[in-house]
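Down below is the structure, laid out as structure tokens.
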Amino acid sequence: MKIAVTYEDGQIFQHFGHTRQFKIYDAADGKVTQAAVVDTDGAGHSALAEFLQKAGVSALICGGIGGGARTALEGLGIVIYGGVAGEADRAVEALLAGNLQYDPEVRCAHHDHEHGHACTPEGCGGHGEHHCPHHGS
């Protein structure tokens, strides 16, 4: 099983569509066998789903995620564990132990356009390069 985590400085990055790195874990028999941090090369929302599929990922742990990205990932058979914060390694350990706390219905709230900027598959106007202010990161 391959698990990807949106990643920044050891923590779960809180906006899937703006993540610049994933930490990808290989797991077998409930344990991590290998892990590596990989750069996304600036891929946007829709390209990230393909990036994870090509890497053989079957599960994603993330903070916020928009509806379009969620649909693309689910269409590729990638299971989403969203609404998670904290250390990436601990979240993967919790997932493998069967006790990860996550929100199966999490959505990136700014995609509802409540603050008057345009969101497209390529990115969201009004956000900084690295952080989504609506997720507290």
Side-chain angles (χ1 to χ4, degrees):
M1 168 183 211
K2 280 197 178 196
I3 305 163
V5 180
T6 53
Y7 189 79
E8 183 177 66
D9 297 325
Q11 301 295 307
I12 299 167
F13 187 71
Q14 291 300 299
H15 187 177
F16 173 80
H18 288 272
T19 193
R20 292 186 180 256
Q21 294 182 317
F22 288 105
K23 188 165 184 180
I24 298 179
Y25 301 78
D26 289 314
D29 300 319
K31 296 184 184 204
V32 173
T33 58
Q34 185 176 343
V37 176
V38 296
D39 292 328
T40 64
D41 297 323
H45 290 76
S46 59
L48 291 173
E50 291 179 27
F51 179 91
L52 293 176
Q53 180 190 37
K54 287 179 184 174
V57 168
S58 58
L60 168 72
I61 298 173
C62 63
I65 184 166
R70 175 178 282 283
T71 300
L73 290 163
E74 289 171 345
L76 296 173
I78 297 173
V79 178
I80 301 166
Y81 298 92
V84 182
E87 293 180 31
D89 292 350
R90 287 192 183 188
V92 170
E93 290 169 8
L95 177 64
L96 294 173
N99 58 16
L100 178 67
Q101 298 295 311
Y102 69 99
D103 180 355
E105 300 300 319
V106 73
R107 296 282 193 270
C108 184
H110 79 267
H111 286 274
D112 294 333
H113 304 283
E114 79 283 358
H115 55 277
H117 72 266
C119 292
T120 67
E122 292 74 39
C124 296
H127 289 307
E129 277 186 52
H130 295 92
H131 300 285
C132 179
H134 304 283
H135 295 284
S137 58

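Atom set for the values below is all heavy atoms of this structure, side chains included, hydrogens, waters and symmetry mates excluded.
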Kindly indicate whether the side chain of Phe16, heavy atoms from C-beta on, has any atom under 4.5 Å from the side chain of Ile80. no

With side chains defined as the heavy atoms from C-beta onward, is the minimum distance between Ile12 and Gln14 less than 4.5 Å? yes

Does a side-chain heavy-atom distance below 4.5 Å link Thr6 with Ile65? no

Give a yes or no answer on whether the side chain of Ser58 reaches the backbone of Lys2 with a donor-acceptor pair at less than 3.5 Å. yes

Looking only at heavy atoms, what is the nearest atom pair of Val5 and Ala88, with distance? CG1-CB, 3.8 Å

Nearest 0.5 Å, what's the CD1-CG distance between Ile61 and Leu100? 5.0 Å

Quick one: pull up CG in Leu73 and CD in Glu50 and give me the separation to the nearest 0.5 Å. 10.5 Å

What closest approach, in Å, do Ala35 and Lys23 show between heavy atoms, and which atom pair accounts for it? CB-CE, 3.9 Å

Would you say that Asp89 contacts Tyr25 through its side chain, given a criterion of any heavy-atom pair below 4.5 Å between the two side chains? yes

Ile24 versus Ala4, closest heavy-atom pair with distance: CG1-CB, 4.2 Å

Should Val57 and Met1 be counted in the same cluster of Ile, Leu, Val, Met, Phe, Trp and Tyr side chains packed under 4.5 Å apart? no

Taking Gln34 for the side chain and Val32 for the main chain, is one N or O donor matched with an acceptor at less than 3.5 Å? no

From Asp39, Val37, Leu52, residue fulfilling side chain to side chain contact (heavy atoms under 4.5 Å, CB included) relative to Phe22: Leu52

In the structure I gave you, are the side-chain heavy atoms of Gln21 and Phe13 within less than 4.5 Å of one another anywhere? no

Residue pair Ile3 / Leu96, side-chain heavy-atom distance below 4.5 Å: yes

With no hydrogens and no angle check, is any side-chain donor or acceptor of Glu74 less than 3.5 Å from a backbone partner on Ala69? no

Look at the rings of Tyr102 and Tyr81 and say which category their plane angle falls in: under 30° parallel, 30 to 60° tilted, over 60° perpendicular. perpendicular

Is there a donor-acceptor pair under 3.5 Å between the side chain of Thr40 and the backbone N or O of Leu48? no

Between CD of Glu87 and CD of Glu93, what distance do you get to the nearest 0.5 Å? 9.0 Å

Flag yes if more than 12 heavy atoms outside Asp29 fall under 6.0 Å of its CG atom; otherwise flag no. no

Rounded at 0.5 Å granularity, tell me how far CG in Leu60 sits from OG1 in Thr19. 9.0 Å

Over all heavy atoms of both residues, which pair between Glu105 and Arg70 is shortest? Give the atoms and the distance, please. C-NH2, 4.3 Å

